[in-house]
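First the structure, in the form of structure tokens, and then the observations on it.
Numbers here simply count residues along the sequence, with the first being 1. Order of appearance sets the numbers: ligands from 1, and atoms from 1 within every ligand.
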Amino acid sequence: MSKIFVDACFGKETSYTPVWMMRQAGRYLPEYMKVREEAGNFLNLCHNPKKACEVTLQPVDIVGVDAAILFSDILVIPNEMGMHLEFIKGEGPNFKNPILNQTDLDNLIEGEKAANKLTYVYEAIKLTRAKLSQDKALIGFTGSPWTLATYMIEGKGTKTYNICKKMMYSNPSLLHNILKKVTNTIKIYMEKQIQAGIDVVQIFDSWAAAIEPGMYDEFSWSYMVEIADFIKEKYPHIPIIMFPKGIPAFLDKVYGNFDVFGVDWSIPMSLAKEKLGTKYVLQGNMEPCRLYSKEATSKCVEKIQETMQGKRHIFNLGHGILPDVPVQNAIHFINECKRVSRK
Ligand code: CP3
């Protein structure tokens, strides 16, 4: 059975514009909070395929999205490469021993060896694909090498990225070595996600904006393209979505063999369409905080529809949904996207 979401990723005509939300499986859903509590904490939930499958399916059943996104986290990769991941309450992710020199890096495993440790992810994919309705797509994902490296080098989320950037300007070859090792792991990890049953790949470059425009290609985009090339060569039927957040100055330079460009909320959809709309399908891009108001949501959905006209487009938010958004408002967003675009 054809999937409207996969068709739209390849730029085919669909009966309406499909829609999903970044971070759709998460804390704004009381049903998610219940399963997380049963699991004990967030990481236990990631490690438990049955429960991960359950929360992956929740937004499909409750909110009505056209695609499920695998419930996991981008940071399971460095964790399985040998870094010890913890989520500290109120602070977010933390690695106690960040990667600051070549010896630290040499201690990490990579490629097949690291990807083989992520069996709980592949199990969750298999369970989910078996339960998910055949007309819905299952999105697998990874963080970009750069976005993962920011956590590996800083040890946690950062506002200034000063440790990574010190490395970028004073020891670029070490940073490249880290990026290469992560890239080698991601390639195999994505291949195994595909073999387990995902229908689409999304690469999150959430911290793209931390790199000055003239250096973005060298330290992030080229590695994402390398991953896309690897996937496309073996699995051309799997669409690839690139989501680099906050890089308006790079729009003119975007290149590569992928299918969908994820537009974040800081870039006007009309600008993205002008620069990239003929080459790539565009995904996005409502400012997620509009979800606090149904009226503000409807206005934005109508404006995006007016720009995209239901062609070469997938509705989404311009970044992740926040935990205090009322579920009813998320449902309203999904219904509005379907209403305005139905042919
Ligand atoms: O629904 C989905 O999108 C699928 C699951 C998913 C999660 N994280 C679950 C999660 C996905 C795709 C991610 C990706 C992710 N993780 C990114 C890139 C996406 C983006 O939003 O830009 C990043 C940067 C991370 C790293 C990460 N994980 C951080 C910084 C945090 C803490 C954030 C916070 O708001 O507390 C996480 C934890 C996390 N990942 C949660 C969820 C549902 C919250 C955990 C909880 O239940 O307490």
I'd like to know whether ligand 1 has [X] as a neighbour, heavy-atom separation below 4.0 Å.
{"X": "T56", "value": "no"}
{"X": "F243", "value": "no"}
{"X": "M21", "value": "no"}

- Can you sort out which atoms of ligand 1 are near L70, meaning under 4.0 Å from one of its heavy atoms? 4 (C), 5 (C)
- Message: Need the ligand 1 atom indices (1-based, order shown) with element for anything under 4.0 Å from a heavy-atom of R27.
- Response: 34 (C), 35 (O), 36 (O), 44 (C), 46 (C), 47 (O), 48 (O)
Of all the non-hydrogen atoms in the protein, which one sits nearest to [atom], and at what distance?
{"atom": "atom 16 (N) of ligand 1", "result": "D73 OD1, 3.0 Å"}
{"atom": "atom 48 (O) of ligand 1", "result": "R36 NH1, 2.3 Å"}
{"atom": "atom 38 (C) of ligand 1", "result": "F87 CE2, 3.4 Å"}
{"atom": "atom 30 (C) of ligand 1", "result": "Y151 OH, 3.5 Å"}
{"atom": "atom 13 (C) of ligand 1", "result": "R23 NE, 3.5 Å"}
{"atom": "atom 41 (C) of ligand 1", "result": "F42 CE1, 3.7 Å"}
{"atom": "atom 47 (O) of ligand 1", "result": "Y32 OH, 2.5 Å"}
{"atom": "atom 32 (C) of ligand 1", "result": "P93 CD, 4.0 Å"}

- Task: Going by the salt bridge (charged side-chain N to carboxylate O under 4.0 Å, His left out) test, name the single residue among R312, K232, K12 that passes it with D259.
- Result: K232
- Message: I want to check something: taking the side chain as every heavy atom from C-beta on, are P239 and F10 in contact at a cut-off of under 4.5 Å?
- Response: yes
- So do K279 and F261 actually touch side chain to side chain, heavy atoms under 4.5 Å? no
Establish, from distance only, whether the side-chain atoms of [X] and [Y] form a donor-acceptor pair under 3.5 Å.
{"X": "Y235", "Y": "Q195", "value": "yes"}
{"X": "H313", "Y": "Q305", "value": "no"}
{"X": "W207", "Y": "Y151", "value": "yes"}

- Salt-bridge criterion met for E110 and K180 (N-O under 4.0 Å): no
Return all side-chain donor-acceptor pairs below 3.5 angstrom for residues 67-80, not counting sequence neighbours, or 'none' if the list is empty.
{"unit_1": "D73", "atom_1": "OD2", "unit_2": "L75", "atom_2": "N", "d": "3.0"}
{"unit_1": "N79", "atom_1": "OD1", "unit_2": "L85", "atom_2": "N", "d": "3.1"}
{"unit_1": "E80", "atom_1": "OE2", "unit_2": "Y120", "atom_2": "OH", "d": "2.7"}

- Message: Taking the six-membered ring for Trp, are F141 and F204 closer than 6.0 Å centroid to centroid?
- Response: yes
- Honestly, for S72 the part within reach of ligand 1 (heavy atoms, under 4.0 Å) is backbone
- Task: Record the part of T147 in heavy-atom contact with ligand 1 below 4.0 Å; permitted values are side chain, backbone, both and neither.
- Result: neither
- Query: When rounded to the nearest 0.5 angstrom, what distance separates OG1 in T297 from CG in L291?
  - Reply: 5.0 Å
- Shortest heavy-atom approach to atom 22 (O) of ligand 1 - which of S206, G26, G90, A39: S206
